[in-house]
Amino acid sequence: MKKKDRQQKVVDEVSINRQVSSSFLSEKLNVSEDTIRRDIKELDKRGLLTKVHGGAISTMQKLYHYNEDVIYKREEKVLIAKKAITLVEDGMVIIMSGGTTNLMLAKLFPKTLKATIYTYSLPIAMQLAEHPTIETIFIGGRIQRNSMVTTGIDVIQYLSNITANLCFIGVSGFSLEQGITGEGYEVALVKKAMIKASERNVYLSTSNKLNIRLNYDICSLQEIDIAITDLDVKDPILKPYVESGVVLI
């Protein structure tokens, strides 16, 4: 396979799955991981994807308003959002992290909902700003270009002065051994600050994020208030989490 064709397949896989590992691409394209890593480095420089530890993520996250047709696992995220909405009441103060699951939640909030919502995600802030009765507060800071969220000490300090009723946190990794984990150090720090600022923390995770352990700790299994997945709570995949005491919806 020519280099140009191989790199196009890399971009296609990242676009479809949103996040892929170098080992997955190596096996799928039948080339060495070193070759894949070089491809990812070149494609990152060209802005066609974003290089992360162990693989790559899609630059689709850079868009302010996502094209819903290309949101990975869209139906599952709609289901999760609908479950999450049952926890929301008028008058609440809410914090939302980034990610397409939370973006779907922001889109599906009832048009009659009256709430104050803080977020460090620019796409989510713009989606919430279209809601007629939600007061949206965007937490400013240094913007990460790959995910369009703000990070840094200013964001963490701002969060330290908030007391929220609920915090909706998008999940990148969810495992029995390590709880909730993330792929980026600075975002993990911000999520930790969100957790401290909220009375109850709700973790939104599509089933493909289960049994995934990433590099940066966010919270332990024991610190999870509520976890929402696209699976039925009686699904065998969730049994070990239920037995560990995780409250699942």
Inset, instruction - Walk me through it: do I180 and I224 pass the test side chain to side chain contact (heavy atoms under 4.5 Å, CB included)? - result: CA-CA 8 Å; I180 306 298; I224 296 172; 4.0 Å; yes

Legend entry - Between D230 and S207: side-chain donor-acceptor atoms closer than 3.5 Å: yes

Legend entry - Spatial distance of atom CD1 (I36) from atom CD (E13) [nearest 0.5 Å]: 10.0 Å

Legend entry - Sub-4.5 Å side-chain heavy-atom contact between I85 and F109: yes

Legend entry - In one Ile/Leu/Val/Met/Phe/Trp/Tyr side-chain cluster, 4.5 Å: V242, V247: no

Legend entry - Check: N161/Q157 side-chain N/O donor and acceptor closer than 3.5 Å: no

Legend entry - Euclidean distance, I117 CD1 relative to H131 NE2, rounded to 0.5 Å: 7.5 Å

Inset, instruction - Sequence neighbours left out, what passes side-chain hydrogen bond (donor to acceptor under 3.5 Å, both in side chains) with D235? Give chain and number order. - result: none

Legend entry - Hphob cluster co-occupancy, L166 + M104, side-chain heavy atoms under 4.5 angstrom: yes

Inset, instruction - Compute whether any side-chain donor of one residue and acceptor of the other, for N102 and S97, lie under 3.5 angstrom apart. - result: yes

Legend entry - Min side-chain heavy-atom separation L159-I139 under 4.5 Å: yes

Legend entry - Modelled atom types, side-chain donor and acceptor of S21 and S23, under 3.5 Å: yes

Inset, instruction - Check whether any side-chain heavy atom of K41 lies under 4.5 Å from a side-chain heavy atom of D44, and answer yes or no. - result: no

Inset, instruction - Give, for atom CG of L29 and atom CG of D5, the distance between the pair rounded to the nearest 0.5 Å. - result: 11.0 Å

Legend entry - Salt bridge flag under 4.0 Å for residues E42 and K3: yes

Legend entry - Flag side-chain contact, heavy atom, 4.5 Å: V88 against I94: yes

Inset, instruction - Is it possible for you to say whether V233 and V171 belong to one hydrophobic cluster, with membership spreading through side-chain heavy-atom contacts below 4.5 Å? - result: yes

Legend entry - Note: D34-R37 ion pair, threshold 4.0 Å (strictly below): yes

Legend entry - No-hydrogen, no-angle side-chain donor-acceptor test under 3.5 Å, N215 and E183: no

Legend entry - Test item: F174 and T181 side chains (from C-beta on) under 4.5 Å apart, heavy atoms: no

Inset, instruction - Kindly work out whether a path of hydrophobic side-chain contacts (I/L/V/M/F/W/Y, heavy atoms less than 4.5 Å apart) joins I95 to V93. - result: yes

Inset, instruction - Quick one: pull up OG1 in T35 and CD1 in I40 and give me the separation to the nearest 0.5 Å. - result: 11.0 Å

Legend entry - V10 vs L43 side-chain heavy atoms within contact, under 4.5 Å: yes

Inset, instruction - Calculate, to the nearest 0.5 Å, the distance between atoms CG and OH belonging to N211 and Y241 respectively. - result: 3.5 Å

Legend entry - Residues K107 and E130 bridged, charged N to O under 4.0 Å: no

Legend entry - Pairwise side-chain contact, T133 with K111, heavy-atom cut-off 4.5 Å (strictly under): no

Inset, instruction - Assess whether side chain to side chain contact (heavy atoms under 4.5 Å, CB included) is satisfied between L248 and I228, documenting all intermediate values. - result: CA-CA 6 Å; L248 286 155; I228 302 178; over 6 Å; no

Inset, instruction - Mind running side chain to side chain contact (heavy atoms under 4.5 Å, CB included) on M96 and L128 for me, showing each step along the way? - result: CA-CA 11 Å; M96 296 181 71; L128 290 171; 4.2 Å; yes

Inset, instruction - Determine, stepwise, if the pair V187 / Q144 fulfils side chain to side chain contact (heavy atoms under 4.5 Å, CB included). - result: CA-CA 9 Å; V187 171; Q144 286 197 347; 3.7 Å; yes

Inset, instruction - For the residue pair Y118 and M194, establish whether any side-chain heavy-atom pair is separated by less than 4.5 Å. - result: no

Inset, instruction - Count the heavy atoms of every other residue, nucleotide or ligand shown that sit under 6.0 Å from NZ of K51, and state whether that count exceeds 12. - result: no

Inset, instruction - Please check if any side-chain donor atom of Q7 sits under 3.5 Å from a side-chain acceptor atom of R46, or the reverse. - result: yes

Legend entry - N/O donor-acceptor pair under 3.5 Å between T100 side chain and L103 backbone: no

Legend entry - Cluster link V11 to M1, ILVMFWY, side chain under 4.5 Å: no

